[in-house]
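Some notes on the structure that comes next.
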Amino acid sequence: MKFASAYEPGEFESEIYAGWEAAGVFAPRAVVDDSKSFSIVMPPPNANGNLHIGHGLTIALEDSLTRYHRLKGESAWYIPGADHAGFETWVVYERALEAKGETRFNYSRDELYAQVWDFVQEQRGNMELQVRALGASCSWKDLTFTLDENVVRRVYKTFERMWKDGMVYRGEKLVNYCPKHQTAFADIEVEYSEDKGKLWDIAYQYDGGEIIVSTTRPETLFGDTAVAVNPEDARYKDLIGSFVKLPLTDREIPIVADEHADPEYGTGAVKITPAHDYDDFEVGLRHDLPRVRVIDDAGKMVGCGPEYDGLSTEECRKKVLKDLKTAGLLRGEKAITHSVAHCYKCGTVIEPTLKEQWFIDVKRLAREAIKHLERDEIKFHPASKKQVLINYLEGLKDWNISRQIPWGIAIPMFRRIDSLEAHSTNELADADAPEWIFDTRTNLSEIEVGGVRYVRDEDTFDTWFSSSHWPIVCTDWESGQSGAKDGNPYYPLNVMETGADILFAWVARMIMMGIYVTGEVPFREVYLHGLVLDAHGQKMSKSKGNVINPMELVAKYGSDAFRLGILRGRSAGMNQAFSENSVVAGRNLCNKIWNLSRLVQGIVDDSPSETEVEGWVTTENMGEDWVCREINSARSLIEKQMQEYRFAEAVETIHSLIWDKYADWFIESQKLYHNVNLLKATLEAILKMLHPFAPFVTETIWQNLSWTEGMIINAEWPGEFEFDPISAENFAKLIGVVSEVRSTMTAISKLPKVEKMLKRGGEDKKILDAGDVSAEKGGMVLLYGDDSLVATNDILVKNLAKLAAVESCEGQPRGIRLALANHELYLDVPAPVVAAYAEALDERILAVGRELDALNARMMNPNYVDKAPAALVEETRRAIEEKNRLIEGLKNERNLI
RNA sequence: GGAUCUUUAGCUCAGUUGGCUAGAGCGUACGAUUCACAUUCGUAAGGUCAGAGGUUCGAGCCCUCUAAGAUCCACCA
């Protein structure tokens with residue numbers, strides 16, 4: 001098979017992926033023990049969405065890890081997922097309903113669920129295609145959808161156990177309520193922003209006086225059940241325990257003493273609305289105050305009297321202010337800035353609202369999690385996140401898991417029908433039957449147990465409640481367990497890779513739930529990636545118009561280029577910039593390996609096969625020894641970097657091996673003498689090392705090469721190359737010589753005097769041509785004195801440095817001496833050029849002199865000689881010797897001019 | 001208010017128990033080029049490692065303080 005001459009990723013990527021899928025290479029192999037298995041789950045992308053740049057990073061990281069471990073011979077299992085994304089999807093669907101002029105309130109819960117299910121099924125597939133385009137080597141047959149039957153079963157099982165353990169309770173508490181979406185949110189789902197608002201002073205009167213309270217929310221005064229003052233506040237001490245009249249109403253409310261009132265703030269007196277403010281709720285608990293709801297689920301006023309009921313909070317605020325003014329009770333207003341909670345999806349101001357919800361008592365879960373974290377059972381990347389997580393868990397409040405959205409897993413709780421009326425009559429038909437029962441028949445809206453009828457709670461679980469089971473359900477922990485302790489080699493996961501932004505929402509909950517359900521932490525390591533910012537370090541957002549679409553980059557440069565580009569310059573937990581440049585650099589590397597492979601294939605094709613012993617890899621010259629040394633050391637470096645999740649550095653290591661070492665020096669040296677078997681073996685090795693990061697191009701090359709078999713995806717990670725270390729080191733020295741020759745040649749051609757002579761032409765030109773200093777084709781002549789390394793490798797040096805010739809000076813040194821301590825080498829240039837070089841030489845001598853001084857100063861310090869490691873001191877001593885030799889040679893040279 | 005992180009070349013970032021002359025990619029300048037690759041090759045310029053102290057034979061790295069920025073948590077009647 002012949003290589004296409006140009007690197008065109010679009011030509012082969014989808015075909016290669018299809019080939020992998022057809023061969024079934026994504027599935028885990030059979031495993032013998034835990035150490036031979038590697039498991040990782042994909043944070044499930046939204047089933048009906050498109051992938052964004054964050055998914056691109058996620059997959060690049062996770063798939064590189066997976067492929068690396070697969071090459072290392074482990075049974076790698078990368079488990080894909082799809083998220084029903086409860087609220088996210090719901091928002092999209094509700095918008096679609098609105099577009100049709102309908103609302104969710106036209107349908108029952110079950111009807112809505114069915115509709116969204118169909119909607120998601122229609123949209124699904126897109127996301128999976130994109131995950132494939134990014135090259136994810138995940139086991140598709142194991143894809144888990146967050147509403148799959150086994151997920152629901154597992155979630156119900158956990159919930160039942162929690163219910164029996166007394167960790168689930170029904171509470172009337174304040175929840176973060178979005179009046180637009182009409183659902184409650186967890187604390188972490190709420191976004192705060194600094195908003196401009198106003199602080200109004202309102203007079204609450206009593207016989208013979210008034211007390212002024214400050215508030216930003218006058219409309220909630222109908223829900224006030226007290227006024228609080230600080231017990232230490234001398235101004236109000238005498239009023240504590242007395243009553244004031246609530247403005248615009250006939251009610252009287254008490255004045256209570258509570259630390260919550262800050263004498264420094266406003267007037268020092270604060271109205272208490274336990275049903276609509278978190279702090280006031282706490283104050284209410286302390287003073288046993290009634291809770292009066294004045295805002296209903298739709299965000300309208302309720303129970304405030306006919307003039308106000310039905311108004312929106314904003315309308316009501318205006319009216320209340322107007323009425324207070326009329327009544328002469330409004331005493332002042334001032335503008336303030338305060339942080340206000342918003343719905344993270346629609347921006348609507350969150351209304352803290354009193355609701356009956358299911359809560360999970362998290363104390364025990366958090367305590368256990370902290371215990372395991374403190375025992376270092378999970379390693380974090382970056383390490384600092386462990387303590388951040390512990391701090392969070394220490395202050396964790398009970399978890400509201402009820403969501404008033406039909407699209408999700410139904411909460412398996414049923415309430416006896418008669419209890420609904422019983423609240424008003426205080427009578428139950430059968431006093432022994434519990435008010436709430438657990439039952440998994442959530443497909444029914446009404447059930448009968450023991451002659452008592454129950455109706456299903458309409459609410460669904462917070463999606464984090466189900467997704468906290470992710471490692472458990474994806475690895476099928478239960479069936480794998482089958483009684484034996486070490487029955488499932490894939491649980492705990494080797495690593496959990498996800499965004500640092502969901503450390504609390506997801507990682508924390510997986511840890512708590514994993515420990516609760518299995519007794520073990522759900523993963524051994526956590527790698528958190530930061531946000532991908534735009535090229536200027538700004539957050540990407542639609543409104544800023546700086547969103548980068550990963551699929552566009554894949555189409556333009558190839559999947560491999562995208563992966564290499566997004567991994568570059570990135571480290572754990574940091575928000576870092578990303579630009580197309582890095583993808584271009586990735587594409588260039590792919591192009592490099594493509595052409596390198598074509599060249600090697602060309603050499604193999606041209607070599608008569610009978611001269612090669614099949615598979616016999618040995619080194620025959622120092623370039624070959626050197627490349628083996630470099631491959632070995634790059635390989636162990638990459639192993640170390642992958643072990644420590646330093647992806648960007650691993651990419652840099654392989655980039656440098658391929659480009660700066662393999663192509664620039666080894667392949668160049670192989671243009672003189674071929675070692676076909678070694679060329680084959682070394683190319684295979686670098687392809688394998690690149691494969692985790694650039695799977696498509698490496699697989700395509702692998703399958704195009706005439707001698708390779710099977711697929712690179714499940715090839716064996718390269719082993720150790722044998723080489724002669726002295727010979728390898730000699731090649732390294734030769735690289736130093738060639739670099740110095742090139743550098744000096746460039747310096748000569750740039751000398752102002754030489755440039756002038758070149759320009760003048762005539763006699764000057766003739767003289768210069770004799771030494772060919774213009775560094776054009778043909779080049780200069782390198783003369784060696786007593787230098788066996790260069791003498792025995794004269795042709796190689798000539799080719800690598802593009803010289804006209806490399807010859808012995810026959811004891812007659814002339815031209816410019818190279819600034820190399822251990823070599824006696826001269827560039828043969830005419831006398832006027834040597835003279836012109838004198839100044840540069842002086843500078844060079846001074847520079848080396850400065851380096852020598854620094855080294856000498858160090859050795860003069862007795863403390864250094866005494867305290868620094870002996871090896872280091874010895875090294876310094878050698879360096880001084882070398883510099884001395886060099887400076888002496890250069891000075892001799894200078895004297896000759 | 002509390003916590004965590006960041007500050008290194010023009011830009012984006014590496015720099016792993018402290019050790020020689022601080023690296024990469026991109027960008028810049030000069031030069032090259034008929035076959036592996038212009039998605040190339042060669043050479044070079046560019047850094048008082050945010051600032052100030054301290055520990056040490058030795059600090060980009062450890063300690064203290066300061067400044068700037070980011071993120072998270074809490075509070076804001």
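Every chain is numbered from 1 and lettered A, B, ... according to where its sequence line falls, protein lines coming before strand lines.
- Taking 4.0 angstrom as the limit, Arg850(A) places none of its side-chain polar atoms (N or O) nearer than this to OP1 or OP2 of U21(B).
- In this structure Thr216(A) satisfies the side-chain contact (heavy atoms from CB on, under 4.5 Å) test together with Leu199(A), Ile336(A), His338(A), sequence neighbours excluded.
- Side-chain proximity of Ala585(A) to G25(B), U16(B), U4(B): nearest is G25(B).
- Counting distance only, with no hydrogens placed and no angle test, the side-chain atoms of Lys539(A) and the base atoms of U71(B) include no donor-acceptor pair under 3.5 Å.
- At the phosphate of A14(B), OP1 or OP2 sits under 4.0 Å from a side-chain N or O atom of Gln576(A).
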Identify the pairs formed between an N or O of the protein and an N or O of nucleotides 8-10 of chain B at a distance under 3.5 Å, and give each distance.
none

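- By the ring-ring contact (aromatic ring centres under 6.0 Å, His included) test, His342(A) is found to be paired with no residue, residues two or more places apart in sequence or in another chain being considered.
- Put simply, Ser571(A) has a side-chain N or O that comes within less than 4.0 Å of OP1 or OP2 on A14(B).
- RNA chain B lies under 4.0 Å from at least one heavy atom of each of the following residues of residues 866-874 of chain A: Lys867(A), Ala868(A), Pro869(A), Leu872(A).
- Residues Leu800(A) and Ser669(A) come closest through the heavy atom pair CD2-N, 4.3 Å.
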Scoring nucleotides 40-46 of chain B by protein non-hydrogen atoms under 4.0 Å (B base, S sugar-phosphate only, - none) yields SSSBS--

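- Ring centers of Phe12(A) and Trp594(A): under 6.0 Å apart, within the cut-off.
- Side-chain proximity of Ile667(A) to the nucleotides C5(B), A36(B), G15(B) is greatest for A36(B).
- Here Glu282(A) pairs with nothing under the salt bridge (charged side-chain N to carboxylate O under 4.0 Å, His left out) rule; sequence neighbours left out.
- As the counterpart of C57(B), G19(B) is assigned, both hydrogen-bonding distances of the Watson-Crick or G-U wobble pattern falling under 3.5 Å.
- Checking A50(B) for Watson-Crick or G-U wobble geometry (two distances, each under 3.5 Å) identifies U66(B) as its partner.
- Partners of Tyr557(A) under the ring-ring contact (aromatic ring centres under 6.0 Å, His included) rule, at least two apart in sequence or in another chain, do not exist in this structure.
- Comparing G19(B), A36(B), G15(B) by their nearest atom to the side chain of Tyr864(A) picks out G19(B).
- With sequence neighbours excluded, no residue satisfies side-chain hydrogen bond (donor to acceptor under 3.5 Å, both in side chains) with Asn588(A).
- Evaluation of the salt bridge (charged side-chain N to carboxylate O under 4.0 Å, His left out) test over residues 735-746 of chain A, restricted to residues two or more places apart or in two chains, returns Glu740(A)-Arg844(A).
- You'll find that the side chain of Arg646(A) is closest to G15(B), out of A3(B), G15(B), G25(B).
- Of the candidate nucleotides A36(B), C73(B), A14(B), A36(B) has the atom nearest to the side chain of Arg598(A).
- Backbone-only contact: Thr216(A) has heavy atoms under 4.0 Å from sugar-phosphate atoms and none from a base.
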Distance-only check: which donor-acceptor pairs under 3.5 Å involve side-chain atoms of residues 647-656 of chain A, not counting sequence neighbours?
from, atom 1, to, atom 2, distance (Å)
Glu649(A), OE2, Arg646(A), NE, 3.3
Glu649(A), OE2, Arg646(A), NH2, 3.4
Thr653(A), OG1, Gln641(A), OE1, 2.9
Thr653(A), OG1, Gln641(A), NE2, 3.3
Thr653(A), OG1, Glu649(A), O, 2.8

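- At least one side-chain nitrogen or oxygen of Arg858(A) sits closer than 4.0 Å to the OP1 or OP2 atom of U21(B).
- As judged by a 4.0 angstrom heavy-atom cut-off over every strand, Lys883(A) is placed among the base-contacting residues.
- In this structure a side-chain-to-backbone donor-acceptor pair under 3.5 Å is missing from Asp201(A) to Gly332(A).
- Listed by first then second residue, pairs satisfying side-chain hydrogen bond (donor to acceptor under 3.5 Å, both in side chains) with a partner in residues 259-268 of chain A number zero, not counting sequence neighbours.
- Set against A14(B), C26(B), C37(B), the side chain of Asn595(A) has C37(B) as its closest nucleotide.
- The residue among Leu596(A) and Val388(A) whose nearest nucleotide of RNA chain B lies closer to the 5′ end is Val388(A).
- Comparing Ala269(A) and Ser5(A) by the nucleotide of RNA chain B whose heavy atom lies nearest to each, the residue mapping closer to the 5' end is Ser5(A).
- Under the salt bridge (charged side-chain N to carboxylate O under 4.0 Å, His left out) criterion, Lys556(A) pairs with Glu580(A), sequence neighbours left out.
- The base-pairing partner of C30(B), taking Watson-Crick or G-U wobble contacts with both distances under 3.5 Å, is G42(B).
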